[in-house]
Structure formats: C-alpha cells, structure tokens
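In what follows, every chain begins at residue 1, and chains take the letters A, B, ... in the order their sequences are listed. What's counted below: heavy atoms across the whole structure, side chains too, no hydrogens, waters or symmetry copies.
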Amino acid sequence: MKQFIKAAAFFLLLAILFSEVQSVFLVNSDNYYLYQVMRAYEKEPEVMDAVYIGASNVFPFWHASLGWEEYGITVYPFATSAAPSVSLRYFAEEARKSHPDALFIFNLGEFKNEGVNVSAAHRAADYMPFSPTKVRLINAIAELNDFNELDKLEYYFPIIRFHSRWDDTSSSDYLYRTKELHKGNYVANTHLSKITDITDKFVESDQQTEISEKRLRVLDDLLDYCAREKLRVLFVTSPQALGTERMVGLRNAVCSYVEERGYDVLNLTTAMDELGLDLTTDFYNANHTNIHGSLKFTHWFGAYLQERYGLADKRGDPAYASWDEAVAEYEKTISPYTLDFEREHARRDNTLDKPELAALSDKGKALTLTWESVENAGGYVIYRKIGNGNWKLLAEVDSAASSYEDAKLKSGSKYTYTVVPIVREGEEIVYGRFYPAGISAKKK
Amino acid sequence: MTFVSLTFFLFVAAVTLVYFIVPKRFQWIVLLAGSYLFYWINSEWLVLVLFAATVITFLTGKAIYRVRTAAPQGELTPAEMKAHKANKKKRSKRILLVGVLLDLGMLVFLKYYNFLAGNANQLLKNIGIEAPALNLLLPLGISFYTLQALAYMIDIYRGKLEPDQNLGKFMLFMSFFPQIVQGPIPRHHQLAEQLYAEHKFDYTRLTYGVQLMLWGLFKKLVIADRIAAPVDKIFGSSANYHGLIVFFGAICYGIQIYTDFSGGMDVARGVAQIFGIELELNFRQPFFARSIEEFWRRWHITLGGWMRDYVFYPLSLSKLFANLSKKARKLFGPSVGKKIPPLLSMFIVYLLVGIWHGSSWKYVAYGLWNGAFIMAGILWGEFYEKARDRLGIEAESVSWRLFQGFRTFMICCFGRIFARGDGLGSALQMMRSIFVSIADLSFLTNGSLTKLGLNTANWVLLIFAVGLLLYVDSLHEKEIHIRETLSRQHLIFRWAVYYCAIFAVLIFGVWGPVYDAQSFIYEQF
C-alpha cells in the first residue's frame, strides 16, 4: 500500500513536471499571441459582444482594443495563424463555453486550403486547454489528413515533436505566459514596421470556382453546427491580394454557398476602396494588413458591427476597465509607427497621391527635406521622428512649398521625415496618402 | 516495433500487466504468447521460419538424448559395452549433424545466399552458369536464435544438458521477445529455467528494470542516434573529408555502435528484469579493454563465448589440429608448433565472427582485422612483454594501462571502418586517406566539425553525454552497483535523479516526428 501511494505520488509529480516542461517547448515566438487568445476565453469575466474566429486573416486586421477605443464594443479574436478551416467550428465550441450568447463572426479565408498542415494544426490545438472540444478538434484534423492514432498523439503531447527544439529555445520560452495586455491585438514587428506594395498581386474577379468536395464537407459541417446550435453568426472575408482569379473565384463561391444557406456574408476580399485601404502602403504582405491597414480596417468594421448588430457602447463602464488599460498599452506600442491622424481616424482621401520624398540633404546644423508636389493638395503636413521615438507633427506648409528646412539638429541622431498632403474643408483636415516609412538620415 | 518505439513500451506494459495477473503457472504462456505476437507484428509469416527452427531443434535435441541415453540390451561384455558406446556416439553425432545442417542451412540460405551466389557467379562467369539473385527476407533475429539452437543441440550431444520435454516451453526459450532482436545469445541452462519459473511481482525489481531501460534509452536515443548524423555524413561521402575527419568519423561510429547496441541490450535486460528474468550480460565496458583479445571478452560477450565453446575449443582440441601441430613442431620448432592450433582456430573464429555480422566481404575483413591482432598477440605476445620490461615500463602502471586502452580503442575504431564503410574498396580508401593527412590538424579549428550535421549545442550535449557514459561505465568497472547505491539515497535525491533521467531522454533523445523550425516559427506568415 505504501509502495502504491509512493508510486502514485511519483507519477503525479511526473505529470505536473511533464506539463510544465511541455509548455516550455510549445512553439512560442509570435505565438505568444496564441496563448493569450486561447486562455483569454478562460479568464475574460465580461460578456463579449462578438467572437471573431479565423486564422491570420483575423488578427492582423481587427484590433480589439481599438474597436473598444472608438466604439466601446468588445470583439475579441479567436484565431491562430493558418488555422485550418476545420478548426473554426471547434474554436466556436471553445469560445461558447464562456460566451454563449456572443455574435460569432467566422472568417472564411482559410477555405483556400484543403488539407491541414502540421504546423497549423499544432498552433490551433496546442494552446487549447484539454477538453472534449480539443479531442474533437484533433479528431477532425486527423480525419482530414488521414492520420492514424499514433499521429494524433503529438497534438495531445506536442513535446513529441517539439522536444527537439531544445537547442532553439530562448528566454521567453521559460517565462510564464500570463500577462494579457493587448486584448489579442497583433503586435509582431513585421506588422508594425513592414510595408509592402501588393498592387501586382491584387486581382478582382466575379468568377465562381467550384468548391472541392473535401472543402464542402468541412463547410457544411460548420454551417450545420451553426444551425443546430442556433448561433448568431456573420461570415466575412478579409481584404487580401489573392494573386489569381481562381483563388478569388473560390472565395466568391464559398461566400455564395454560405449565403444560399441563408447566412449573412460580408465578402471584403476586393473591397479595398470601400475600406480606404492603400495597396501600396497598408499591407505587410499580400494577405495581411500592417498597422496602417488594420487601423483603417478596425475603424470600418467596428462601425459596421455596431450599426448592423446594435452593439452597445460600454465605454465608461468600470467592469471594462481592463479594456481601457489595453488601449493605453496599445497606443504606446503603435505610436512610434503611426501618425496621430491615423490613430484618431481622421478623414482620408486616397485620391491625394503620396508625395515622393525626393531628398534629405545635410548641411550645417540643418536637414533639408524636399518632395515632389501633389496635384490638388491644399497644403502639406510634415511629420518627424527622432531615433525610435514617436512620430510628431513638425510643421504645416502651403501647397506651393516643396521643401522644408529642419534646423538646430543634434549631430549623431537619426531623423526620419514624412510628408502628408492635406485639404482643408472648413475646420476639418482631410489627409491624403503618404509614405509611412518616410525618409531618414543620420545627422552628421 | 523497435525497442525505442512507443508501441513497444505499451506492448511491454500490457504483457507485464497480464503476466502478473494470471495464475503464476501460466506466466510462461503469457511470455510465449507475447513473444510470438511480437514476432508476428515485426515479421508476420516469417514467424514460420522461427517455428520451423524451433521444432527442428526441439526434435533433434530429444532424438540425440534418446540415443545417447539408450540403455544396452541385456548384459554386455566390456568390449561390447565399448562398441555400444561408440555406436551411440556415432548415431547421436549423425542426428546432431542433421539438426545443425538444417538450422544452419536456413541461416546460410536466407542470409548468405545472395552473397555466395554473387561470388560464385563471378568465379563461374566464363562457363555460362548463373545463380539467380533472390529477394530474400531475413527473419528477425535469425543470426541470434540459430546460434542459440546450435548450442542447445551440441550441449545435449555433449551430455551437458537434458532436452526440454515441452515444445511450448522450448518455443518460449527460442523466441523470448526481449532478446530475439539482438541477443544476448542465451544458453539453455542459464535462461530456460528462469523463463519457465513462476515469478512473484516485485516492485523494486520492476523499478530496477525500468531504470535499466531508461539508461539504455539514454545511450540509444541521446548518444547513438545523435552521433549517427556525423557518422552518416562522413561515411556517406568520405572522399570529401580530410583524413582525420574520416578517422574522427570512425571514432564516432565506435561510440555509436557501442551505445546503440549496448543501449538496446539494456532495454532488453530491463524488460526481462521486470518479469524477473536475468539475461546474460553482453557488454562489460568494452572500451576499457587493454587488448583486442580482452575487448572481445567485453564486447558482445555471448557471441564471443559461443565462439569459444563451439568453435575455438572443439577446433583447437581436435585430432586434425593435434596432427597439424605435430607436423608444425617438426618444421618450425616446438615453440611455434604448439601455437599453430590456437592460431588457426582463432583465424577461423574471427572469420566466422566477421561473416556472422553480415554477408559481405567487408565483414570478413572486419573479422580478420580483429583476428589478426589477436593472432599477433599469440605469436609475439611474449616478445612484446619482454620488450616492455626491457624498456622499464611497469605493466600495471596507470600510464601503461591508459596507453593500452587508448591503443585498443583506436584499433577497434579503425577496424570498424571495414564494417561501416560502403564496401571493402571504399573502406580501404578511407583508411588510406587517414594516413595521408595525419599531420594536418586544421580541421579542429576551421569549423569543419560544425558542418557534420550537428550544431555546437548538439556537440556540447554529446560531449556531456559521452562523459556521463564513461563515468557510469567506470563505476561499473569498479563494480559499484548504481541502482542499489541509488536506492539507498534520500527520496528527494533519488526522485530528482529519476526525473532528470526521464526528461533527459525525453528532451535530448533523437526521436519523434521531425521538427523543422522553418515551418513552425520562421515562416508562419
């Protein structure tokens, strides 16, 4: 008996150690985010207005704390990068445990993939707390990929695969992941600072590509689930440059199919103009907006949700204090990368072109910025940041100006400038397009 | 189902559970069922080959025994008695021969047919006869259980053993799953009774068994399977590597083969211990050997023992060899002449050891490489010792022992190039390259070591793991019983050691599906 108790204690301790050790090896890097997302649904005490479910077509676009800041709505993402379409249903199942009455927004973008790749499956499953839902998710993934029972084990015990990254771990792997600062906002460096012109990859089409049987099975399963559980749902797609008409057509077809089954669908795939998105500056790659794009997207989508679903403005309610904290924290994070009018959602006019930043010359104690003037510009505002600091408004000049001398500068510092064309309509300023990266020089 | 798979551990757990639940008199049946199931899972219908060998051996054993122990009819005169005995011996020898030929025939046909046919075709190329190449599957463990069967029959013939009367039990002896894959090669008198006996559940023994398995897994997964990367790389394209890297590869291979083989052996012994069965020790710190001869008494001990009892002694004590010795004494003088029988026997033993390892000339060369050093020892050992004494070197001094150990290790590793090389030709080429570039040590500092399939972290880990291995082996050498010593320590320390061992294998072991950082971290978006 004594031996039995001792053995039981040994194995209990082993199990605890095992789960701790395993959590170290879970792939973390950008997926710090994943942990937040999965665990947030365990912790959030407030009622969520909506749960936005999907893959990386969700979090680089929708920034929950900004939705709160502008509209007082709580719409939290539940998404992992490249989350297989088969997981949407189980994400909903998981989120419903704490937020049964929320609006469920499903992003249909990931139906572009038919099978499930292993790394995506891990991201979807690894951080989900153990429950029958997780078992069902793993089974569904396994069925799609023809996994056998042993293949499935690595999703219950990710250490089976990830132990071999022992020589690749960093300090962040060993820290406890508990702090939830951003309400699921995506704060990866690429998202904040990378700008890619995706004009070449942007394709519009009315084509309807046939949906494969495998995809249709997953889609039907999701729709049946929504019907059976009588969920309030909205299906959306994100603005992306899909590269080929076939891919746009597949998206169209998926949207049409869902619509025919009687659901609301918001297909935003090619709605760049409507959302005010600039293909040259608002994306970090063909499928994801950067911070500039997500500010615009959140502004537009928040308004849509509030109006369409009558979501109440809960700002000022002390129960939601954590959302205000998240906003403050998030503002700090994005300020070095964004201009004040972007964050304040000032009126924008994409017909006012970006002024080419022609030169930044260094002479004496001054740097002189020159740009090419823009048609219809009523004037220009010049922004500057020093080193890695925040962007600050430096000056406003009239439409005739095409250069600006910034005097009394410290040598050795790095200065970055950008110029935004504006038009004044009464008291209001309308901002045109600009180069968010600006032009830099280190003062001699 | 290999020894290092999850299925195997689940299998062992299941067999263990049933083994201790059923009434003790049925325990051997559980092991038998488990063993045949294990064999079936691995080899399916090839199990019939094992079964055939088992039945042949079983019946041969009984037949030999019956003839050998047949009582004479009526009273016999001493002369008749002598004739009767001679007749019995002759008849039992014939039966033995049939059994040996059948068992050995299966091994030779399945393992060596293509090798023999290929070589025969080379020789007979001009006459227009050609033996076809066959696609033969080698039954699991056939090299091991055939030797085991031969020993059983010969021991009965020699009157050292009584045959098993129960075919079922004998089937278990021949198929016991922890040892069927890679030995040890058991003797009936050592193993059989343990297999058939009833065993009480013993918690301590169970934990000892698991601990031994864990140590085996550490050797296999952390060391052998890790060092396999540079070994594969170097042996895979040896021509591209500096000679000393090639030699380094040979040393790595020496470490790999030792940890792989002895690790598997520890798992086998650990599993058997859980059932209360003690398998024979197959490795006794071979790298601490001071001569090649001693090495083979420490390395794959049961194979060496088998060769000694069933090849070396019978040969060197045979009439044929005695006659040879007589003639040699006349020709070369007495001191050399008396060495002829052991020399020739050794030659044959190591030829067989080589061939036993595989059906290829490179294994023959590998066997003879080892045999050559041992034969040299027989021939010039005394001279060598005299020379050492003349130089004033103390035979038991630490420096001399270290030198001997180092020398032996180097000879072993060097010889292994034969075994691991792609073929005899490429092995010789590799050996040549080592000598050509022996003076150039730049590979140590120019970063070539990190281009051998392991990064720095993995090399560091390997160094630690091999250091631990040496430490543990040195404790064994001092006959310190690690598990017993550990069991006397405070619970906290003990558990800490166990947990460290478990997680070391879990984390640092090379196992599981491939993790490539590229798809998991760096290319997420």
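Proximity to chain A among residues 483-497 of chain B is limited to L491(B), R494(B), W495(B), judged by heavy-atom separations below 4.5 angstrom. Contacts between residues 501-511 of chain B and chain A, defined by a heavy-atom separation under 4.5 Å, are made by I502(B), F503(B), L506(B), I507(B), F508(B), G509(B), W511(B). The contact list for residues 34-42 of chain B toward chain A, using heavy atoms and a distance under 4.5 Å, is empty.
Here the side chains of Y499(B) and F10(A) are in contact, with some heavy-atom distance below 4.5 Å.
The side chain to side chain donor-acceptor pair (under 3.5 Å) search around K112(A) returns none, not counting sequence neighbours.
No more than 12 heavy atoms of other residues, nucleotides or ligands sit less than 6.0 Å from atom CZ of F464(B). Within a 6.0 Å sphere centred on NZ of K201(A), other residues, nucleotides and ligands contribute 12 heavy atoms or fewer.
For N458(B), the parts sitting under 4.5 Å from any heavy atom of chain A are the backbone and the side chain alike. The parts of A9(A) that come within reach of chain B are both its backbone and its side chain, each placing non-hydrogen atoms under 4.5 angstrom from that chain. For L13(A), the parts lying near chain B are the backbone and the side chain together; criterion is any non-hydrogen pair under 4.5 Å.
A7(A) and Y203(B) get closest at one heavy-atom pair: CB-OH, 3.5 Å.
Of the inter-residue distances, the one linking L6(B) atom CG with I160(A) atom CD1 reads 7.0 Å to the nearest 0.5 angstrom.
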